[in-house]
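Worksheet: the structure to be examined is printed underneath.
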Amino acid sequence: MSVSMTGSGEIATPVESSKSAMTWGPIFGGAAAAIGVTLILLLLGSGVGLTMVSPWSGQSSSLGTVGVTAAIWLVVVQWLSSGLGGYITGRLRTKWAAVHTDEVFFRDTAHGFISWALATIFVAGFLASSLTSLAGAGAQAVGSAAAAAGTAASSTASAADLPTAYFTDALLRPEQARTGATSDDTAATAEVSRILLSGAAAGQIPDDDKAYLATIVSARTGLSEADARTRVDTVLKRIDDAKVAAQKAADEARKAASTTALLGALSLLIGAFIAAAAAAFGGSQRDEEEDLLVTPRI
């Protein structure tokens, strides 16, 4: 505390309030209101969002549409909950006497921002807990599926041995492939699988492998060499189309996730601003109601 002396020799001491500039009661009240509205709107949005997803083909919206819709709904939730929580925070605080108007405005906006921050932290923790539970259930399901897959694959070569097995097949590939394919169906099927897997890993299947596949298909099905080659080309094209479709779906998921993250960050920034502005507005309305204490004249 600084003390100064006037020209007449008097000591001037600055006036300092003994009360804190922060009032936690209205902050917690506004945060609780924002949390309640947020949870209600999130449940409402979840119910509406489930109508956009269907297990039936052609009945669901695209992944991008679902992601953008969810992001827009998060923005709406943030605006409504932040506005209500900030307004309640500003309206519930007591009037600060002998405080400059600019200081009152700053305190109101700070109270609204802190109320929004508390509500956001709570909701983020709640959502993180829910997602953790879902992830745990999903991990358990994936673990069960992986165990089943491991049991089914125990009789075949491991993924690490696939390149070696493929090149071994290429070295020991018989000159008369038709006879071998006809006499041993299991070996032919396994060799075809290894060729397809190797081609999928490399991104393409060499011409000699395509010719060999056509020979095996001709021997197994009785088709001519030309028809067998046509069937091989058709199947390989379907494999390429499936690969392109999977890459397209992954790219759409990436774009949807990026859009959702950007809109989510923007909604948080706007929510913080709305909470601060609503608190200032509520505080100004509170200060308009001035109570006067009337004392009798002596």
Practice problem: Flag the pair Trp116 / Leu268 as yes when at least one side-chain heavy-atom distance between them is below 4.5 Å, and no otherwise. | Solution: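 Yes, close enough: below the 4.5 Å cut-off.
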Quiz item: Heavy atoms, side chains only, cut-off 4.5 Å: are Ile205 and Val232 in contact?
Solution: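 When only atoms from C-beta onward are counted, Val232 and Ile205 do not touch, as no gap falls below 4.5 Å.
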Taking all non-hydrogen atoms of both residues into account, name the closest pair between [X] and [Y] and its distance.
{"X": "Trp73", "Y": "Leu41", "answer": "NE1-O, 2.9 Å"}
{"X": "Gly271", "Y": "Ser82", "answer": "O-CB, 3.2 Å"}
{"X": "Arg286", "Y": "Gly90", "answer": "CB-O, 4.2 Å"}
{"X": "Ile88", "Y": "Ala33", "answer": "CD1-CB, 3.5 Å"}
{"X": "Thr120", "Y": "Gln78", "answer": "OG1-OE1, 4.2 Å"}
{"X": "Ala34", "Y": "Gly85", "answer": "CB-CA, 4.2 Å"}

Exercise. Kindly compute the distance separating OG1 (Thr38) from CG (Leu43), expressed to the nearest 0.5 Å.
Key: 11.0 Å
Quiz prompt | Spacing of OG1 belonging to Thr94 relative to CG belonging to Asp287, to within rounding of 0.5 Å | solution =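 With rounding to 0.5 Å, OG1 (Thr94) is 9.5 Å from CG (Asp287).
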Exercise. Could you list the residues that satisfy side chain to side chain contact (heavy atoms under 4.5 Å, CB included) with Ala276, not counting sequence neighbours?
Key: Thr109
Quiz item: Can you list the residues that meet the side chain to side chain contact (heavy atoms under 4.5 Å, CB included) rule with Thr89, with sequence neighbours excluded?
Solution: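 Residues passing side chain to side chain contact (heavy atoms under 4.5 Å, CB included) with Thr89: Pro26, Ile27, His111, Ser115.
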Quiz item: Below 4.0 angstrom, N of the basic side chain to O of the carboxylate: do Arg107 and Glu103 qualify?
Solution: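 Yes, this pair counts.
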Quiz item: Testing Thr234, Asp241, Asp233 for side chain to side chain donor-acceptor pair (under 3.5 Å) with Lys237, which one passes?
Solution: Asp241
Quiz prompt | side-chain contact (heavy atoms from CB on, under 4.5 Å) partner of Ser81, the single match among Val37, Val76, Ile35, Ile40 | solution =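 Going through the options one by one, the only one that passes is Val37.
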Quiz item: Donor-acceptor pair, Arg93 side chain versus Gly283 backbone, under 3.5 Å?
Solution: yes
Quiz item: Who are the ring pair (Phe, Tyr, Trp, His ring centres under 6.0 Å) partners of Trp24, not counting sequence neighbours?
Solution: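 Trp24 satisfies ring pair (Phe, Tyr, Trp, His ring centres under 6.0 Å) with Phe28 once adjacent residues are dropped.
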Quiz item: Is Tyr87 reachable from Leu118 through a run of I, L, V, M, F, W or Y residues, each pair having side-chain heavy atoms under 4.5 Å apart?
Solution: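 Each belongs to a different hydrophobic cluster.
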Quiz item: Among the clusters formed by ILVMFWY side chains lying less than 4.5 Å apart, do Leu266 and Leu262 turn up in the same one?
Solution: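 Unlinked, Leu266 and Leu262 end up in two clusters.
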Exercise. Kindly determine whether Trp79 and Val75 satisfy side chain to side chain contact (heavy atoms under 4.5 Å, CB included), including the steps that lead there.
Key: CA-CA 6 Å; Trp79 288 0; Val75 173; 3.5 Å; yes
Quiz item: Is it the case that more than 12 heavy atoms not belonging to Arg231 sit under 6.0 Å from its CZ atom?
Solution: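 No - once you tally the heavy atoms of other residues, nucleotides and ligands closer than 6.0 Å, there are 12 at most.
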Self-check item: Criterion salt bridge (Lys or Arg N to Asp or Glu O under 4.0 Å) on Lys248 and Asp251, from CA distance to verdict
Solution: CA-CA 5 Å; Lys248 183 179 179 181; Asp251 188 60; over 6 Å; no
